2 protein chains.
Amino acid sequence: MKNLPPLKSLQVFLYAAQNNSFKAAAEKLFVTQAAVSQQIRLLEENLKCQLFDRDSKQTRLNAKGKLLIPYIEQAFEQIAHGINAVAFEPSANELRITAIHSVTSLLLIPQINNFQMDNPELSIQFSPNNKLESFKELDVDIAIRRGLGDYPGLESRKLIDDSIILVASPLILQGCLQDMQSIINLPLLEDTSSDIQEAIDDFCSTYKIKRSELTSKLKTTDSVPLIQNALAGQGITFVSKILVAEHLRSGNLVNVLDYAFETPNTLYLVAPEHHFHWGKIQKFEKWLTNLLKSDPL
Amino acid sequence: MKNLPPLKSLQVFLYAAQNNSFKAAAEKLFVTQAAVSQQIRLLEENLKCQLFDRDSKQTRLNAKGKLLIPYIEQAFEQIAHGINAVAFEPSANELRITAIHSVTSLLLIPQINNFQMDNPELSIQFSPNNKLESFKELDVDIAIRRGLGDYPGLESRKLIDDSIILVASPLILQGCLQDMQSIINLPLLEDTSSDIQEAIDDFCSTYKIKRSELTSKLKTTDSVPLIQNALAGQGITFVSKILVAEHLRSGNLVNVLDYAFETPNTLYLVAPEHHFHWGKIQKFEKWLTNLLKSDPL
DNA sequence: AACAACACTTAAGATTTTCTAATGTCATGA
DNA sequence: TCATGACATTAGAAAATCTTAAGTGTTGTT
C-alpha cells in the first residue's frame with residue numbers, strides 16, 4: 001500500500017490504454033493531449049518501465065502495459081461501485097419493492113415484520129405488479145420476479161431453486177380414497193402460466209394419465225386465488241413449492257403424491273446493477289436469501 | 001467511471017478508516033492531521049454525505065463509511081498488486097524455479113521445451129532442492145513443492161490432485177503370475193516419505209496382508225532412483241501418479257492391480273503472494289496448469 | 001471550576017501537482 | 001516537398017494539496 005504512483009496518472013493511463021490513443025483519452029478527460037502525455041511519462045518514470053510502444057506509427061500498449069491494465073481497470077470499477085453505493089443512493093431510508101402478486105401476499109407480507117424490526121429506520125413500500133416495467137418509470141429499488149433470470153440490461157440474482165408440486169387441503173383428502181384415481185377425479189384449480197402447464201404435462205406423462213382426465217374447475221394465471229380455493233378444500237392445484245411452504249409447514253395444505261417437477265423458472269431479485277451496491281438493498285438481499293435458505297421444507 | 005471524487009481523498013479516507021483516527025492516518029501518510037481533515041471533508045462534500053461520526057468522544061466510521069470501505073480497500077489492493085506486477089518484477093526475462101528433485105527431473109526437464117519455445121525471451125534456471133528455504137536467501141521466483149499447501153507467509157496454489165499408485169516394469173511382471181501373492185513377493189522399492197508410507201499401510205489393510213510380507217530392497221526418500229530401479233525391472237514401488245504419468249503413457253511402467261491411494265499431499269506452486277502477479281510467473285503457472293490438466297492419464 | 005491534554009476543524013498562505021498554450025519531432029501520404 | 005496527424009517538450013498559469021496557526025469541544029486532573 002506504500003509508494004503508489006500518483007493516482008491521477010493511473011486514471012489517465014487507463015483512459016489512454018482503453019482508447020489506444022493519447023489524443024482520444026485527452027478528449028474524454030477534457031484536458032489537452034499534452035497533459036495526457038505528461039501523466040503517462042510520469043507514471044512510466046515512477047514505475048521505471050515503459051508501458052506503451054511508441055516506436056512505429058501507432059502508440060500501443062506493450063507487454064507490461066497489458067499486464068497492468070486489468071488491475072487498474074478493476075480498481076477503478078471498484079471505486080465506481082463504492083461511490084454508487086453511498087453517494088447515489090436515493091432516499092436511503094425508503095425501500096420500494098415490486099414483486100409479483102403471489103410473492104407479495106404469500107411471502108413478503110407475512111415475513112416482512114422480521115426485516116422491519118431489524119431495520120426500523122427503513123420505510124418499506126410494496127408495489128404488487130406482474131409486469132416488469134422500466135425501473136426508471138416505476139421508481140422502485142428492487143424487483144422480485146419469477147422467471148429464468150434473463151432480464152436484458154438488468155442484474156438478476158437467483159434467490160432459490162424451485163419446484164412445482166401438487167397440493168390440496170387435508171379437508172378434501174379426508175373425504176376420498178387417496179389413490180391416484182380418486183385424486184385425479186378431484187377438481188383441478190388450474191394455473192395457466194406456461195411453467196405450471198409444463199408441470200401438468202410432466203405429471204400426466206409420469207403417471208400415464210390423459211390430460212382430459214383432469215377436470216378443471218378454475219383457470220387463472222394468479223396463484224393467490226388458486227391457493228385460497230385449495231385451502232378452502234375446493235380442489236387440487238399445482239403450485240410453486242416456495243409459495244406454499246408456510247401452508248405446508250402449518251399443515252393447511254399437504255403435498256399430494258410427493259410429486260415434484262423441477263422447474264428452471266424460479267425467483268430472482270432483479271434491478272440495475274448499481275442498485276445492488278446500496279446499503280438498503282444489500283440488507284434486503286441478505287435477509288431474503290437467509291429467509292429462503294433457512295426454509296426447513 | 002465518470003465524476004469520481006478526487007482520488008487522493010479516497011486514499012486518505014482509507015487510511016483514516018483503517019486507523020480509526022485522523023491523527024494516526026496523518027502520521028502514516030507523513031502529512032499533518034489538518035491535511036487529513038481537509039481531504040475527508042472534501043470527500044464528504046463530494047459524495048454529499050457524512051462518512052464519519054464525530055458527535056462524541058471518538059471519530060468513527062458511520063454506516064455509509066462502513067459500506068464504502070471494502071470497495072476502496074479492494075481498489076487500492078488491486079492497484080498495489082498491479083504495481084507489484086510490473087514495477088517490482090526483478091529480471092523479467094529470467095525465471096528461476098526451485099522444485100523437488102523428482103519433479104525437476106521427471107516433469108519439468110522433459111516438458112520445459114514447450115514452454116521455452118513459447119517464451120524464447122525467458123532464460124529458465126532450475127534449482128533442484130528438497131528444502132523450502134527462505135525465498136529471500138534463495139533468490140528464486142517460484143517453488144514447486146509436494147505437501148498440503150500450508151506454507152506460512154507464502155501463497156500456495158494447488159496444481160492438481162494426486163494419488164499414490166503401485167507400479168512396476170512390464171519386464172518384471174511378465175516373469176510372474178500376476179496374482180496378489182506373486183506381486184507382493186516381488187522386491188519392494190520403498191519410499192520412506194510419510195505420505196508414501198501411509199499409502200503402503202492403506203494398501204496392506206485394503207488387501208489384508210501383513211506389512212512384513214513385503215520385502216524391501218531399496219529405501220530412500222527420493223523418488224528418482226526408485227523409479228529408475230522400477231524401470232529396470234528391479235521391483236515394485238509406490239509412487240505419485242503424476243510423476244510417472246509419462247512412463248505409464250509410454251508403457252515403460254504399468255499400474256499394478258489398479259490400486260490408488262488418494263493423498264492430500266500434492267503439488268503446489270509456492271511463492272510470496274506478489275510473485276504471482278509477475279508476467280513471467282503468470283505465464284509459467286498457466287503453462288504448468290494446462291500441462292497437468294491436459295495429462296490424459 | 002480552572003486547566004491542560006487531546007483530537008479534530010478551519011482559514012490563510014505556501015508548496016506542489018497538474019494543466020494549457022505554444023512549439024518541436026517524427027512518420028505518413030498526397 | 002509539403003501538409004497532416006499523433007505524440008513530446010517546455011514554460012508559465014491554474015488548481016489541488018499541504019503547512020502553519022488559531023479555534024472548538026471533550027476528557028481528565030488538580
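Each chain gets a letter, A, B and so on, in the order its sequence line appears, and its residues count up from 1. On a predicted model such as this, the values are computed, not experimentally measured, just so you know.
B:Asp141 pairs with exactly one of B:His275, B:Lys280, B:Arg96 by the side-chain hydrogen bond (donor to acceptor under 3.5 Å, both in side chains) rule, that one being B:Lys280.
In this structure, B:Arg54 reaches the C:dT9 phosphate: one of its side-chain N or O atoms is under 4.0 Å from OP1 or OP2. Taking 4.0 angstrom as the limit, A:Thr32 places none of its side-chain polar atoms (N or O) nearer than this to OP1 or OP2 of C:dC19. Contact check, B:Gln39 against D:dC18: a side-chain N or O comes under 4.0 Å of OP1 or OP2. Phosphate contact (OP1/OP2 of C:dC8, side-chain N/O of B:Thr59, threshold under 4.0 Å): present. The side chain of B:Lys23 contributes an N or O atom lying less than 4.0 Å from OP1 or OP2 of C:dA7.
For B:Phe22, the listed nucleotide lying nearest its side chain is C:dC8; candidates were D:dC18, C:dC8, C:dT20. Comparing D:dT19, D:dT17, C:dT20 by their nearest atom to the side chain of A:Ala35 picks out C:dT20. Looking at the side chain of B:Gln33, the nearest of the listed nucleotides C:dT9, C:dC19, D:dT17 is C:dT9.
Toward the 5′ end of DNA chain D lies the nearest nucleotide of B:Leu42, the other residue of the pair B:Leu42 and B:Ala34 mapping further downstream.
If you measure from atom OH of A:Tyr15 to atom C1' of D:dC7, you get 21 Å, rounded to the nearest angstrom.
Between B:His274 and B:Trp278, the two ring planes are perpendicular [angle over 60°; tilted spans 30° to 60°].
Electrostatic pairing of B:Glu73 and B:Lys66 does not count as a salt bridge here, judged by no charged N lying under 4.0 Å from a carboxylate O.
Residue-level contact check: B:Gln38 touches the bases, meaning some heavy atom is under 4.0 Å from a base atom. Across all strands, B:Arg41 comes closer than 4.0 Å only to sugar-phosphate atoms, never to a base (heavy-atom distances).
Between B:His81 and B:Phe276, the distance separating the two ring centers is not shorter than 6.0 angstrom.
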